[in-house]
Amino acid sequence: MNRQEKSTTAPSLLRNRFLQTILLSSVLLQIGIWVRNFAILLYVADKTNNDPYAISLISVAEFAPIFVFSFIGGTFADRWRPKRTMIWCDLLSAVSVFAVLLTIHYGSWHSVYLVAFISAILSQFSQPSSMRLFKYHVAEEQLQQGMALFQSLMAIFMVLGPMLGTFVYSTFGLETSIAIMGVVFLLSALVLIRLPEDNLKPKTDAAKGQFRKEFIEGFRYVWNSKVLRMLGLAFILAGLAVGVAQALNLFIVTERLGKSKEFLQYLLMVNGAAMLIGGGVVAVFAKRVPPQLLLAIGMLAGAVCTVIVGYSTSVPLTLTVQFLNGLVFPCIHIGISTMILKWSHSSIVGRVNGVLNPMFVGMMVISMSFAGALKDAFSLSTIYSGAGLLFLLGALVMLPIMNQKAPDHAHAAQET
């Protein structure tokens, strides 16, 4: 059955077996990731007495491998069977987590950074494979709604994740928190066995020797598309803004609001609750709004809210702004994901994702790496104002491509 036949007979989105399986797998992975994130954050904060360099290094350990391996992972995702790739990545992640757990138990506490580091490497092979299957198994007209469902799932864990992570770490400690992550990765691998078999064939032996050619082809494909080029520039600007803001969130809580570090979970919960509502609203209107406009709206709102958070010393004001920002944030995620899927042919989705993702993550890592130094040199208000300006520039980048239409079948993206 070809892609067009699937589009005309597309079943209800929630009855899609692929989507059901991926959502269940994502639930398990989100549990593990949030427990891990808060366990490591609170543990390192306790060990180092809230040292900004040590805390920002957590984010660097999590995101730096993405910048290095995303190019390679995206290329291999287009060469390997995506279902098999995703299962193996989850299995290897589980094995690596338990190996690091032993290191933490018998060795130095600094090994906690390895948990995020190794998981990030393997995700660069699994995530583009998931995107490739998404384009294959979900009808074209349902792509944006499907992305909205994923955004809603992420929002649910923005609410529940901080509570879950803080509770598990406070009750059971670091090692149990890390062990839970390993268990859920194993369960996710078992769930992914349920994925429908795909007809996306792996590369032949003759084609396997063309890795360098295919690697370069991904960059050329993005460069030849005006929409994808502009999306890449927006990625760079957003990555710089998000990185520094994310790395210093803890200090907004402790210094600007005068609260304990545990209060960060409530800030994230408010933001997540709003994201859940916003994701639902976007899902309803997804078909009527171009993804470029969604992305621009999200980044414009992010600009305003980031500046206000940097200046606010009022808990009610900060929570209100976090809620408003969360309402609009799904526009960014849904807009980006939909643009990548709609402007990329199914045979190259992994490589396009592998080219664009590092632009965002790479800039995040750079800004996270300098976050501690920036905090020593400037006030939080100044830093967050700069982040807001970067968001604003990212929104303006969308203006030249606002009226661009996606290729009929995404066989090529040749807008100039």
Measure the [atom1]-[atom2] distance between [X] and [Y] for me, rounded to the nearest 0.5 Å.
{"X": "Leu390", "Y": "Met363", "atom1": "CG", "atom2": "CE", "result": "11.5 Å"}
{"X": "Leu195", "Y": "Met86", "atom1": "CG", "atom2": "CE", "result": "5.5 Å"}
{"X": "Asn325", "Y": "Thr318", "atom1": "CG", "atom2": "OG1", "result": "12.0 Å"}

**Request:** Determine whether more than 12 heavy atoms belonging to other residues, nucleotides or ligands lie under 6.0 Å from atom CG of Asn403.
**Result:** no
**Message:** Would Leu295 and Leu231 count as a side-chain contact (heavy atoms from CB on, under 4.5 Å) here? Give the steps.
**Reply:** CA-CA 9 Å; Leu295 179 55; Leu231 183 59; 3.6 Å; yes
Taking the side chain as everything from C-beta on, heavy atoms only, tell me whether [X] gets closer than 4.5 Å to [Y].
{"X": "Asn37", "Y": "Leu41", "value": "no"}
{"X": "Tyr266", "Y": "Val315", "value": "no"}
{"X": "Arg256", "Y": "Ser381", "value": "yes"}
{"X": "Val168", "Y": "Phe38", "value": "no"}
{"X": "Phe185", "Y": "Ser119", "value": "yes"}
{"X": "Leu228", "Y": "Val352", "value": "yes"}
{"X": "Val35", "Y": "Tyr169", "value": "no"}
{"X": "Trp343", "Y": "Pro291", "value": "yes"}

**Message:** Using side-chain contact (heavy atoms from CB on, under 4.5 Å), reason through Ile22 and Leu192 one step at a time and then give a plain yes or no.
**Reply:** CA-CA 7 Å; Ile22 286 293; Leu192 290 175; 4.2 Å; yes
So, for [X] and [Y], which heavy atoms are closest and what is the spacing to 0.1 Å?
{"X": "Val44", "Y": "Thr48", "answer": "O-OG1, 2.7 Å"}
{"X": "Leu294", "Y": "Cys331", "answer": "O-CB, 3.0 Å"}
{"X": "Ile401", "Y": "Gln292", "answer": "O-NE2, 3.0 Å"}
{"X": "Asn224", "Y": "Arg229", "answer": "C-NH1, 4.1 Å"}
{"X": "Ile366", "Y": "Phe370", "answer": "O-CD1, 3.0 Å"}
{"X": "Met299", "Y": "Ala234", "answer": "CE-O, 3.9 Å"}

Taking [X] for the side chain and [Y] for the main chain, is one N or O donor matched with an acceptor at less than 3.5 Å?
{"X": "Ser96", "Y": "Ser93", "answer": "yes"}
{"X": "Ser170", "Y": "Thr166", "answer": "yes"}
{"X": "Tyr384", "Y": "Tyr311", "answer": "no"}
{"X": "Ser188", "Y": "Val184", "answer": "no"}
{"X": "Lys83", "Y": "Ile193", "answer": "yes"}
{"X": "Ser367", "Y": "Val244", "answer": "yes"}

**Request:** Report the C-alpha separation of Arg36 and Ile33 in whole Å, then their side-chain angles, then the decisive distance to 0.1 Å, and conclude whether the side-chain contact (heavy atoms from CB on, under 4.5 Å) test is met.
**Result:** CA-CA 5 Å; Arg36 175 201 72 189; Ile33 288 168; 3.8 Å; yes
**Request:** Could you please spell out the steps behind the side-chain contact (heavy atoms from CB on, under 4.5 Å) verdict for Thr313 and Leu257?
**Result:** CA-CA 5 Å; Thr313 56; Leu257 301 181; 5.6 Å; no
